[in-house]
Engineer: 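My questions will all concern the structure given below.
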Amino acid sequence: MAAAYFPGCAVRPFGSSVNTFGKLGCDLDMFMDLDHIGKLDSHKNAGKFLVEYQVKNVPSERIATQKILSVIGECLDHFGPGCVGVQKILNARCPLVRFSHQASGFQCDLTTNNRIALKSSELLYIYGALDSRVRALVFSVRCWARAHSVTSSIPGAWITNFALTLMVIFFLQRRSPPVLPTLDFLKTLAGAEDKCIIEGNNCTFVRDLNKIKPSENTETLELLLKEFFEYFGNFAFNKNSISIRQGREQNKPDSSPLHIQNPFETSLNISRNVSQGQLQKFVDLARESAWILEQEGVDHPSPSHNQPWGLAALLVSSLASGKSSSGKKRRRPASERVKSLLESIRGPSADANADGKRTLSTQTQ
Ligand code: UTP
Ligand code: MG
């Protein structure tokens with residue numbers, strides 16, 4: 001349909017359906033690539049005739065994008081076979097047309113000026129292919145987040161899957177020795193064929209996996225999952241920003257609760273939408289999960305107990321209420337346990353309370 005208006009255009013998939021971090025039912029992100037139309041010689045030979053394409057001038061690239069998507073959206077709505085629920089979301093930072101394709105069951109997002117997102121998909125693909133623990137950890141964390149409504153399919157103040165993926169990559173860059181290299185390091189390994197500048201942003205990184213040395217880190221997935229929760233349960237979100245480019249905390253440039261630097265447009269925060277409340281929920285659940293995994297190292301339940309353990313223990317929806325999926329009382333949340341521990345050591349003097357509190361908070365960290 002796009003080619004009816006823009007002969008020679010291409011529609012390319014990106015996002016989780018191609019970067020190997022997708023699961024069944026994820027949306028299909030598509031990018032309508034009009035770039036090379038302009039670059040092609042506008043005169044095209046068609047037999048004996050000379051065909052010429054002309055595009056009218058508009059005040060800005062954004063307006064051009066909105067106009068193009070508006071037309072394609074109308075066209076999909078009226079004539080797209082099986083395309084239903086077409087929404088034109090043209091005032092978003094990145095304008096898009098959203099629709100469902102009935103025959104395939106796909107929820108589709110179509111954009112046109114999103115070339116950098118293609119590069120981030122490629123980068124995530126590289127990270128996913130570098131070490132088998134990456135995708136396993138990302139899927140575990142995404143699954144955990146979904147089970148506790150930290151993420152949602154409805155747009156809002158929630159953490160997104162993309163943000164969680166960058167958090168996992170960042171965490172793996174912080175291990176010692178690192179499981180994953182930083183983006184800056186991948187840039188140093190790049191050859192001439194990898195060079196890529198998009199709208200003034202340097203998107204260069206090595207794309208040949210053979211040029212990247214495997215990690216010397218041998219930590220198990222079980223340990224990494226526990227450490228992930230420990231790490232982000234205690235991360236200084238109030239002052240630090242997450243950057244997979246440098247692979248270390250940066251000073252937060254603004255006051256948004258969660259700051260995750262866009263890998264290629266480094267002035268952008270990919271989690272600008274996240275509210276303080278949603279971030280706090282993530283932190284509380286991360287601490288709770290770290291505690292549960294820590295306890296399991298101490299008293300591993302026997303299989304005959306018929307109780308979920310390991311990752312499964314973290315997925316029961318009643319994590320915060322302390323009940324197991326069978327309805328039995330499992331464990332009280334860490335915050336409650338700490339409170340009752342505090343109560344139990346509370347002495348007659350206020351000083352003793354303060355000391356007790358200090359000792360406990362050191363122990364629980
Ligand atoms: P999505 O939000 O659809 O994420 O953005 P996703 O990775 O496909 O994950 P799910 O499974 O749909 O939840 C699609 C792509 O757009 C880019 C990323 O490359 C992402 O993979 N993107 C998204 C950005 O560059 N910046 C953003 O703020 C969001
Ligand atoms: Mg997607």
Side-chain angles (χ1 to χ4, degrees), residues 11-33 65 69 87 89 91-101 104-129 134-135 137-170 183 186 196 198-203 205 207 241-245 253-254 256-275 278 282:
V11 177
R12 308 181 194 284
F14 68 99
S16 61
S17 44
V18 290
N19 67 16
T20 71
F21 290 98
K23 69 175 182 60
L24 209 61
C26 69
D27 66 355
L28 174 61
D29 301 294
M30 293 181 284
F31 166 70
M32 193 164 98
D33 191 350
T65 302
L69 283 176
Q87 298 172 58
I89 308 171
N91 287 323
R93 189 189 70 80
C94 181
L96 71 139
V97 172
R98 176 166 290 168
F99 60 97
S100 298
H101 184 241
S104 61
F106 286 139
Q107 167 82 31
C108 306
D109 279 353
L110 178 69
T111 53
T112 69
N113 64 343
N114 210 6
R115 186 171 293 278
I116 290 187
L118 288 186
K119 283 309 276 189
S120 19
S121 298
E122 203 177 344
L123 178 67
L124 258 48
Y125 175 85
I126 299 277
Y127 275 127
V134 180
R135 291 176 57 221
L137 198 60
V138 168
F139 277 103
S140 305
V141 171
R142 282 187 176 197
C143 184
W144 166 88
R146 192 71 193 92
H148 298 293
S149 308
V150 168
T151 51
S152 166
S153 52
I154 309 159
W158 295 274
I159 297 178
T160 60
N161 281 329
F162 180 52
L164 282 176
T165 308
L166 294 192
M167 286 167 97
V168 172
I169 291 173
F170 180 75
L183 176 52
L186 294 183
C196 175
I198 301 173
E199 293 156 14
N201 300 291
N202 196 329
C203 303
F205 57 89
R207 290 171 303 163
S241 152
I242 292 164
S243 159
I244 66 161
R245 179 161 279 285
D254 61 40
S256 45
L258 175 61
H259 196 281
I260 304 177
Q261 192 188 56
N262 183 309
F264 299 118
E265 291 173 284
T266 51
S267 63
L268 298 183
N269 172 13
I270 65 123
S271 47
R272 212 170 39 136
N273 62 310
V274 177
S275 66
Q278 286 301 319
F282 169 83

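These figures come from a predicted structure and were not determined experimentally. Atoms within each ligand, like the ligands themselves, are counted from 1 in listed order.
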Engineer: Indicate the ring-plane relationship of F205 and F264, choosing parallel, tilted or perpendicular according to the 30° and 60° boundaries.
Structural biologist: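 Correct class here is parallel.
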Engineer: Looking at CZ of R245 and CG of N202, how far apart are the two atoms once the value is rounded to the nearest 0.5 Å?
Structural biologist: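 With rounding to 0.5 Å, CZ (R245) is 6.5 Å from CG (N202).
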Engineer: Just need the protein heavy atom nearest to atom 4 (O) of ligand 1, so name the residue and atom and give the distance.
Structural biologist: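 It is F162 CB, 4.1 Å.
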Engineer: Has D27 got any heavy atom lying under 4.0 angstrom from an atom of ligand 1?
Structural biologist: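 True for this residue.
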Engineer: For atom 17 (C) of ligand 1, grab the closest protein heavy atom and report residue, atom and distance to one decimal in Å.
Structural biologist: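 Its nearest protein heavy-atom neighbour is A117 CB, 3.8 Å.
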Engineer: Can you pull out the closest protein heavy atom to atom 16 (O) of ligand 1? Residue, atom name and distance to 0.1 Å, please.
Structural biologist: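 The protein heavy atom lying closest is F14 CE1, 3.4 Å.
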Engineer: Would you say R93 has any N or O atom under 3.5 Å from an N or O of ligand 1, going by distance alone?
Structural biologist: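 Min N/O separation from ligand 1 is not below 3.5 Å for R93.
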Engineer: Walk me through it: do T160 and S271 pass the test side-chain contact (heavy atoms from CB on, under 4.5 Å)?
Structural biologist: CA-CA 8 Å; T160 60; S271 47; over 6 Å; no
Engineer: What protein heavy atom sits nearest atom 5 (O) of ligand 1, and how far away is it?
Structural biologist: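 Of the protein heavy atoms, D29 OD2, 4.2 Å lies nearest.
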Engineer: Which atom names give the shortest non-hydrogen contact between N113 and P95, and what distance separates them?
Structural biologist: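 Closest approach of N113 to P95: OD1-CD, 4.3 Å.
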Engineer: Which atom names give the shortest non-hydrogen contact between F21 and G128, and what distance separates them?
Structural biologist: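 Closest approach of F21 to G128, heavy atoms only: CZ-CA, 3.7 Å.
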Engineer: Nearest 0.5 Å please: distance from the CG atom of N161 over to the CZ atom of R142.
Structural biologist: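 N161 CG to R142 CZ: 4.0 Å, rounded to 0.5 Å.
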Engineer: Please list the nearest protein heavy atom to atom 8 (O) of ligand 1 with its residue and the distance rounded to 0.1 Å.
Structural biologist: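 So the nearest neighbour among protein heavy atoms is S16 N, 2.8 Å.
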Engineer: Report yes or no: does Q107 have a heavy atom closer than 4.0 Å to ligand 1?
Structural biologist: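 It does not, in that no heavy atom of Q107 comes within the 4.0 Å cut-off of ligand 1.
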Engineer: Report yes or no: does N273 contribute a side-chain atom to a donor-acceptor pair with the main-chain N or O of W158 at less than 3.5 Å?
Structural biologist: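 Yes.
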Engineer: Once you round to the nearest 0.5 Å, how far does CG of N262 lie from CG of L166?
Structural biologist: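 Result: 8.0 Å between the selected atoms.
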Engineer: Hey, which N, O or S atom on D27 ends up closest to the Mg ion (ligand 2)?
Structural biologist: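 Per the distance ranking, D27 contributes OD1 as its closest N/O/S atom to the Mg ion (ligand 2).
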Engineer: Quick test: of every protein heavy atom, which one is nearest to atom 25 (O) of ligand 1, and how far off is it to 0.1 Å?
Structural biologist: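 Nearest neighbour among protein heavy atoms for atom 25 (O) of ligand 1, to 0.1 Å: S120 OG, 3.7 Å.
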Engineer: Nearest 0.5 Å, please: how far is CE in M32 from CZ in R12?
Structural biologist: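 Going from CZ on R12 over to CE on M32, the span is 12.0 Å.
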Engineer: I'd like to know if the Mg ion (ligand 2) has an N/O/S atom from D29 within less than 2.8 Å of it, counting both backbone and side-chain atoms.
Structural biologist: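 D29 does place an N, O or S atom closer than 2.8 Å to the Mg ion (ligand 2).
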Engineer: Suppose we measure from atom 13 (O) of ligand 1 to each protein heavy atom; which comes out shortest, and what is that distance?
Structural biologist: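 Going by distance alone, atom 13 (O) of ligand 1 is nearest to N161 ND2, 2.9 Å.
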Engineer: Which distance, rounded to the nearest 0.5 Å, do you find between the OG of S243 and the NE2 of H259?
Structural biologist: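 That separation rounds to 10.0 Å.
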Engineer: Determine if the distance from atom 2 (O) of ligand 1 to the closest protein heavy atom is below 4.0 Å.
Structural biologist: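 No, there is none.
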Engineer: Which residue and non-hydrogen atom of the protein lie closest to atom 21 (O) of ligand 1, and at what distance in Å?
Structural biologist: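 Looking only at protein heavy atoms, the one closest to atom 21 (O) of ligand 1 is G15 CA, 3.5 Å.
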Engineer: With a cutoff of 4.0 Å, is G22 in contact with ligand 1, counting heavy atoms of the residue only?
Structural biologist: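 Contact check G22 vs ligand 1: negative.
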